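One structure is given here, and the rest of the page talks about it.
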2 protein chains.
Amino acid sequence: MSDSAPSRPPTMRDVAKAAGVAVSSVSRTLADPETRKVGAETRSKILRAAEELGYSVNLAAANFRRRASGLILMVMPPRHPVIPVVLDVLHGADTVLAEKGYRMVVSNLAKSQEVNKLTVDLAFGGVPDGILVVSGSLPQDRGRSLLRAGVPTVSALYDLSWTGIPSVVTDDRDSASAVAQRLLAAGHRRFAYLSGPEGNYHETERFRGVSAAIAGAGLAGTELVRIEGDFSAASGEAAGRALLGQAERPTAVIACNDTMAIGLMHVLRSGGLRIPQDVSVVGYDGISWGRYVEPALTTVEIPGFEIGKAGADRLLRLMSGEAAPADAMRQAFPGRYLERASAAPPGA
Amino acid sequence: MSDSAPSRPPTMRDVAKAAGVAVSSVSRTLADPETRKVGAETRSKILRAAEELGYSVNLAAANFRRRASGLILMVMPPRHPVIPVVLDVLHGADTVLAEKGYRMVVSNLAKSQEVNKLTVDLAFGGVPDGILVVSGSLPQDRGRSLLRAGVPTVSALYDLSWTGIPSVVTDDRDSASAVAQRLLAAGHRRFAYLSGPEGNYHETERFRGVSAAIAGAGLAGTELVRIEGDFSAASGEAAGRALLGQAERPTAVIACNDTMAIGLMHVLRSGGLRIPQDVSVVGYDGISWGRYVEPALTTVEIPGFEIGKAGADRLLRLMSGEAAPADAMRQAFPGRYLERASAAPPGA
DNA sequence: TTGTACGCGTTATCAT
DNA sequence: ATGATAACGCGTACAA
């Protein structure tokens, strides 16, 4: 029937020719099928021709011409497995971005030199319409920082407001202080803090919150020891073993995330300790399966989904040129204390 | 010092002019800084000029011209939270894709009509160089299927080989049979199968495997009841409550994923049942925190990372025009039985 | 309302 | 090794 298969996919010209109209009409029609800038008859001719030719607009060309890609670069943290809260943030962001027709490009997860270059190149290449940072560490390449790519950027989960990047975060320091204060009020005096990796933003903030609350309480005999961890369950287990070997144990442990807290509890219980009677444990993040370990993990829930939504929202507004009011540089969602079974007054 | 800020970022022309060379030389140099098709002197002039002007190549233009974007579309399942195994697959794929300079575009997670259109449009628009499907359901839009977008496509985790899409999977049916056979050999006769959502690929396969093994054993008095679940922990808990209310309980439950198994165990234990003495429970997937619930969950570990790597590898080869040998249409990685504490001979 | 024509920034071809 | 120049496919200002 038809002639031999064309080596190239059809273009607008082909559609225009087939429909007997001008390319501009085709463009107008396809860009907005509901447009009234084109006559009903012409439109139907065009639509039919496009249908028959199996035509789709070449998005690469359109994006190039329009100087927009509909792509948002998500800068991911170099951690594996991906932190659950980060997933929540992504999900939240996706919800609002999808609604506006945007899709997410994910910075490669592995963080080698070359991979960082890839990410930075993409941003400097002007491909993404916006950047949402969901990572404490920013890809750099030969002194080029993501932040100077001239692309609207917002940070979620990590506070980058000091660099001029609007940030949507949770108030780690406050919620960490609140946790310590609760435990103090319950009668705890000997604390351990199970840290995240050195330099991590949440680690720093949460530790500060805990230390400040304990120091600020001004209670005699109050002490805080710091145990080094790295967010992994394994490091939580290691901390547990260390604790088991001690004579004078803390009565309460605050872990910088739930994963470590769970590893810790596991080892402590295997070692014969009762939780919370012998040791109270509080985690951080509010991961979903904290409910299912024993005892159910008391923790601080971070509203990742909300943060993702708000971050995407902020980004969209930034992209549309809306200047950020000064009070919007740092938007903080409070963490929520989830009282479950792993923490109680000492000895209770 | 310099003149007023230019409204437009510098182009290759600007660099060429500043360096006193032709744009083609600039292109050659910047496309491959190591190229020997350009003299050392011209190269350095070009590099310096680019540096001074703060020039970056416009990737949108380059992609357009080159007919390649360096982007791989990852089709995600419409489930929340994201299934842990899917994350492993992504991680594996990322590992090999990043090495080759590709980045991942994620299909929006929400699966509304419009969002599907977005994804399909992207593919038909010719933006992604390849598509990796990590989902059982494919985005459709007005009869246009992702698979007909003319973009090289590979499926990971879900078997799409019947549609002609090379698929890298795990052999669900076999491993499910193997689980049932182990339990039979241990003496179990009354089974329950806790299903995934109706129509789900893994659900179908695993149920088939379990049924086949139990039917095939030909042992008198062997029975299998099916309980409907949907992969969520809540549905596992519901199943647990149902079981608690029964007089004649199964001695072994095979759950279609770990999340449900964990919810189930939680309720069963709250109801006073001992696991595995009263009821054995086996999950599916091998999620990392199965170790930390009580008792530690026996499960079938799916090698998601390997599958992701192999899938990306397959895709890359497909993209480079390599025809798939017939035996590569379906590549299966075996699931691994992880024997832990939640399953044992009945009564033991 | 419809059509013409130019430009977007790069890469690739072809001469030199 | 280098330079001139023609596409690439689409959007849009402008003319009709």
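Treat the numbers as computed from the prediction; the structure is a model and nothing was measured. Proteins get letters first, then strands, A, B, ... in listed order; numbering begins at 1 in each.
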Exercise. Could you tell me the separation between the NZ atom of K37(B) and the P atom of dT11(C), rounded to a whole number of Å?
Key: 13 Å

Quiz item: What nucleotide, of dT4(C), dG9(D), dG9(C), holds the atom closest to the side chain of T11(B)?
Solution: dG9(C)

Quiz prompt | Test side-chain hydrogen bond (donor to acceptor under 3.5 Å, both in side chains) applied to S112(B) - qualifying residues, sequence neighbours left out | solution = none

Quiz item: Are OP1 or OP2 of dT12(D) and a side-chain N or O of S24(A) less than 4.0 angstrom apart?
Solution: no

Quiz item: Do any N or O atoms from the side chain of S167(B) and from the backbone of L160(B) form a donor-acceptor pair under 3.5 angstrom?
Solution: yes

Quiz item: Looking at S25(A), does any N or O in its side chain come under 4.0 Å of the phosphate oxygens OP1/OP2 on dG3(C)?
Solution: yes

Practice problem: Please figure out whether E41(B) or V57(A) has its closest DNA chain D nucleotide nearer the 5' end. | Solution: E41(B)

Quiz item: Counting distance only, does the side-chain N/O of N63(A) pair as donor-acceptor with the main-chain N or O of V127(A) below 3.5 Å?
Solution: no

Exercise. State whether the distance check finds a donor on one side and an acceptor on the other, under 3.5 Å, for side chain R28(B) versus base dA1(D).
Key: no

Exercise. To the nearest Å, give me how far apart NZ (K45(A)) and P (dT1(C)) are.
Key: 15 Å

Quiz item: Once you round it to whole Å, what is the distance between P of dG9(C) and CG of N63(A)?
Solution: 15 Å

Quiz item: Does S27(A) have a side-chain nitrogen or oxygen under 4.0 Å from the phosphate oxygens OP1 or OP2 of dC10(D)?
Solution: no

Self-check item: Residue-phosphate contact under 4.0 Å: Y55(A) side-chain N/O, dC10(D) OP1/OP2
Solution: yes

Self-check item: Whole-Å distance separating the CZ atom of R13(A) from the P atom of dA5(C)
Solution: 11 Å

Quiz item: Applying salt bridge (charged side-chain N to carboxylate O under 4.0 Å, His left out), which residue pairs with at least one partner in residues 127-156 of chain B are found, sequence neighbours left out?
Solution: D121(B)-R144(B), D141(B)-R144(B)

Exercise. Answer whether the closest heavy-atom distance between the side chains of V86(B) and P77(B) falls below 4.5 Å.
Key: yes

Quiz item: Phosphate oxygens OP1/OP2 of dG11(D): is one of them under 4.0 Å from a side-chain N or O of R66(A)?
Solution: yes

Quiz prompt | Length of the line joining R67(A):CZ and dT12(D):C1', which is rounded to integer Å | solution = 13 Å

Quiz item: To the nearest angstrom, how far is R8(A) atom CZ from dG9(D) atom C1'?
Solution: 11 Å

Quiz item: How do A61(A) and V21(A) order along DNA chain C: which one's closest nucleotide is nearer the 5' end?
Solution: V21(A)

Practice problem: Figure out the CZ/P separation between F64(B) and dG7(C), and round it to whole Å. | Solution: 16 Å

Practice problem: Starting at atom CZ of R65(B), determine the distance to atom P of dA6(D), rounded to an integer number of angstrom. | Solution: 13 Å

Quiz prompt | Closest listed nucleotide, where the reference is the side chain of V23(A) and the choices are dC8(D), dT10(C), dT4(C) | solution = dT4(C)

